[in-house]
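As a basis for the values below, the full set of heavy atoms in this structure was taken, side chains included, without hydrogen atoms, waters or symmetry mates.
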Amino acid sequence: MTTRFTQFKLVGPALILIAILIMGLATIPYYGMERLDADVRERQETLVKRNISIWIEDVEFALTAWTIWDESIAKIDNAFDFEWTDRNIGRSLIGTSRTRFASILDADGKMIYSRTAEEVQERPFFARGAEAIGKDAQSLVENIRARENSVTTDGIPAPIALSKIEVIGTDAVLLTASLFQPDFKTAIPRGKTAPILVSATPIAGSLQEFVGTRFLLDDAVIGPMDLVPSGHARVEIAVGLNGQSEVLSWHPPTPARDLMRQSLPLISAVIIVLVAGGVFVARLSQRAAVSLVTAEQNMRHAATHDFLTGLPNRAMLESEFKRLAGPGDLVVACVDLDGFKGVNDRHGHAAGDELLKQVAERLMENGRENDVAFRLGGDEFVIFMPASSLEGAEWRCRKLSSHLSEPYIIQGAEVVVDASFGLSDIHINVANTCDQALKQADTALYAAKARGRGTVVTFSSLTQSETPRSLLAAYA
């Protein structure tokens, strides 16, 4: 009895310490697991919301080619011309973009024009007719009207557009309302309010397939909030036919839970070989951390880069401008492809997408190492050229224009487009913000396209007739 008691005094503290260590290894991860997984879920929800917002902003920005246009004001608001509207708005919008419904509300809110693509007229959303779609967009229209009074009259106006996703059965559509505005003020609205374009863009496949595939979500499901399983990540994404909110939910990554599940056999092994088990768990923890960081980096990359070309998107414009403009000179170039619409019309959207990829590759291959190229949407690109004089940047843009005008092989066919460039130097023109520099370069781009295909124009070289008076006053 005494021998056993002595052995217990010698071994007991060690056994108790080992038991405490084992209990700590088992309980501490359990309580921390839920908090870590909840943080990962919240972070992924935020990234998904941001990705969806950026995608919608890209769609809204693409509509400015039709809505921010003096001739639209003249032919729709000043004196309504049905044939012009059908040709240049309805048919053009449906024929050159993924939009499949377009209608126009006049200044009094009356629908004066509508067109639906033939291939979607039997789909549940579109089969209800233009008036029903117009009613769905009423809340968007009211918000546009509320924001219309804040429109500034100086320079080319910023787009005013709002969107929402509607779901009818398995038919998901992005519904957008955009305000018509003049660009160079050669025509202005007759009254205090301007016409509004209501457009509908179908989302390919089911909405859960589209969002789940685009953002790499596991088991993505769309339904009412009360049907979302406990523990699932969720983002309010759409509106149903009865006005009920539709929530996107998915199974979020659970690195802590997965780690715990993988570590259970090792925790048992720690009872026998505590140190070896601890080292192995540490290695697994390191792998899980690397996997989590990699997944988060991929999500951040998807939020700040164009999914088609891989170039940075408009979300990175401001931060890159501040980074590159700080050390010294910076030239901002706006690029637009001449003839891109014809490629889409003749060869289809798949060919247009392939052309944009090849254009992006040529921009990266023929630019300097420290130049940064962006894709804003459609066939519009921006290049930041740091540590460069305006003359040097103009010369490089002419070379780039030459490279971009060389033939492309698209789907076995030879395709040729040109590229026009508009340049702005922030020191010469005192454009101290990213927005000002882009507006100047965009104005120069308008002048370049007016002079002819493949033209390079600097903002400082524009004549009185080529520059809006308001911009001349603002940057004098």
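A distance-only check finds a donor-acceptor pair linking the side chain of Arg190 to the backbone of Asp77 [under 3.5 Å]. Counting only distance, with no hydrogens or angles, the side chain of Asp106 and the backbone of Asp108 share a donor-acceptor pair below 3.5 Å. Checking side-chain atoms of Asp418 against main-chain N and O of Ser405 turns up no donor-acceptor pair under 3.5 Å. Side-chain atoms of Arg453 come within 3.5 Å of backbone atoms of Asp338 as a donor-acceptor pair (strictly under, hydrogens ignored). Between the side chain of Asp336 and the backbone N or O of Glu380, no donor-acceptor pair lies under 3.5 Å. Without hydrogens or angle criteria, Ser461 side chain to Val457 main chain gives no donor-acceptor distance under 3.5 Å. A donor-acceptor contact shorter than 3.5 Å links the side chain of Thr46 to the backbone of Glu42. Listed for the Asp86 side chain is no donor-acceptor partner under 3.5 Å among the backbone atoms of Gly90. A donor-acceptor pair is defined here as one N or O able to donate and one able to accept, closer than 3.5 Å; such a pair exists between the side chain of Asn366 and the backbone of Arg362. The backbone N or O of Ala419 sits less than 3.5 Å from a side-chain atom of Ser401, completing a donor-acceptor pair.
The closest side-chain donor-acceptor pair between Asn344 and Thr96, if any, does not fall under 3.5 angstrom. A donor-acceptor contact under 3.5 angstrom links the side chains of Thr176 and Ser163, judged on distance only. Arg368 and Ser388 are not linked by any side-chain donor-acceptor pair at a separation below 3.5 angstrom, with hydrogens and angles left out of the test. There is a side-chain donor-acceptor pair under 3.5 Å between Gln358 and Glu354.
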Which is it for Met364 and Leu311 under the side-chain contact (heavy atoms from CB on, under 4.5 Å) test, yes or no, and what are the steps along the way? CA-CA 9 Å; Met364 290 185 288; Leu311 295 176; 3.6 Å; yes
Under the side-chain contact (heavy atoms from CB on, under 4.5 Å) criterion, do Ser72 and Thr67 qualify, and how do the steps go? CA-CA 7 Å; Ser72 291; Thr67 57; over 6 Å; no
Test Ile133 against Val173 for side-chain contact (heavy atoms from CB on, under 4.5 Å), laying out the working first. CA-CA 11 Å; Ile133 298 175; Val173 172; over 6 Å; no
Take Leu400 and Val335, measure what side-chain contact (heavy atoms from CB on, under 4.5 Å) needs, and give me the verdict at the end. CA-CA 10 Å; Leu400 270 176; Val335 188; over 6 Å; no
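Among all heavy-atom pairs drawn from Asp379 and Leu356, the shortest one is CA-CD2, 4.0 Å. When all heavy atoms of Val417 and Phe340 are compared, the closest pair comes out as CG1-N, 4.2 Å. The minimum heavy-atom distance linking Leu93 with Ser199 is given by the pair CD2-CB, 4.4 Å. Of all heavy-atom pairs spanning Ala303 and Asn51, the tightest one is CA-OD1, 3.2 Å. Between Val372 and Leu324, the shortest heavy-atom distance links the atoms CG2-CD1, 3.8 Å. The nearest pair of heavy atoms linking Ala161 to Ser178 is CB-OG, 3.6 Å.
Side-chain contact between Pro195 and Pro189 is absent, with no heavy-atom pair separated by less than 4.5 Å. Looking at heavy atoms from C-beta onward, Ile68 lies in side-chain contact with Pro157 at the 4.5 angstrom threshold. Residues Asn88 and Glu71 are not in side-chain contact: their nearest non-hydrogen atoms beyond the backbone lie 4.5 Å or more apart. Using a 4.5 Å cut-off on side-chain heavy atoms (C-beta onward), Asp136 and Phe125 make contact. Looking only at side-chain heavy atoms (C-beta outward), Val331 and Thr458 stay at 4.5 Å or farther from each other. Residues Leu174 and Val59 are in side-chain contact: their nearest non-hydrogen atoms beyond the backbone lie under 4.5 Å apart. Inter-residue side-chain proximity for Leu337 and Ser420 is flagged as unmet; no heavy-atom pair is nearer than 4.5 Å. Considering only heavy atoms from C-beta on, Arg123 comes within 4.5 Å of Pro202 through its side chain.
Taken to the nearest 0.5 Å, the CZ atom of Phe101 stands 8.0 Å off from the CG atom of Leu175. Between the CG atom in Asp425 and the CG atom in Leu330 there is a gap of 8.0 Å [rounded to 0.5 Å]. Rounding to the nearest 0.5 Å places CZ of Phe80 at 4.0 Å from OG1 of Thr85. Interatomic distance, CD of Gln436 versus CZ of Phe459, reported as 10.5 Å (0.5 Å rounding). Distance check, rounded to the nearest 0.5 Å: NZ of Lys341 to CG of Asp345 gives 4.0 Å. The distance from the CZ atom of Phe61 to the CG atom of Asn313 is 12.0 Å, given to the nearest 0.5 Å.
In this structure, Arg98 places its CZ atom where only 12 or fewer heavy-atom neighbours from other residues, nucleotides or ligands lie under 6.0 Å away. Around the CD atom of Glu406, the shell of radius 6.0 Å holds more than 12 heavy atoms that belong to other residues, nucleotides or ligands. Residue Leu308 qualifies as enclosed at atom CG: its count of foreign heavy atoms under 6.0 Å is above 12. Under a cut-off of 6.0 angstrom, the local environment of CZ in Arg50 is sparse, with at most 12 non-hydrogen atoms contributed by other residues, nucleotides or ligands.
The pair Lys135-Glu131 fails the salt-bridge criterion, with no side-chain N (NZ, NE, NH1 or NH2) lying under 4.0 Å from an Asp/Glu carboxylate O. Salt-bridge annotation for Arg145 and Glu148: present, with a side-chain N of the basic residue lying under 4.0 Å from a carboxylate O of the acidic one. Note on Arg375 versus Asp306: salt bridge recorded, some NZ/NE/NH1/NH2 to OD/OE distance being below 4.0 Å. With respect to Arg323 and Glu320, a salt bridge is recorded, a charged nitrogen being found less than 4.0 Å from a carboxylate O. Of the charged side-chain nitrogens involved, at least one lies within less than 4.0 Å of a carboxylate oxygen, so that Lys439 and Asp435 count as a salt-bridged pair.
Applying the ring-ring contact (aromatic ring centres under 6.0 Å, His included) rule to Trp69 yields the partners Trp84; only residues at least two apart in sequence or on another chain are considered. In this structure, Phe421 has no ring-ring contact (aromatic ring centres under 6.0 Å, His included) partners at least two apart in sequence or on a different chain.
Side-chain rings of Phe184 and Tyr446 approach one another, their centers coming within less than 6.0 Å.
The cationic atom of Arg100 (NZ for Lys, CZ for Arg) does not lie both less than 6.0 Å from the six-membered ring centre of Phe126 and within 45° of the ring axis.
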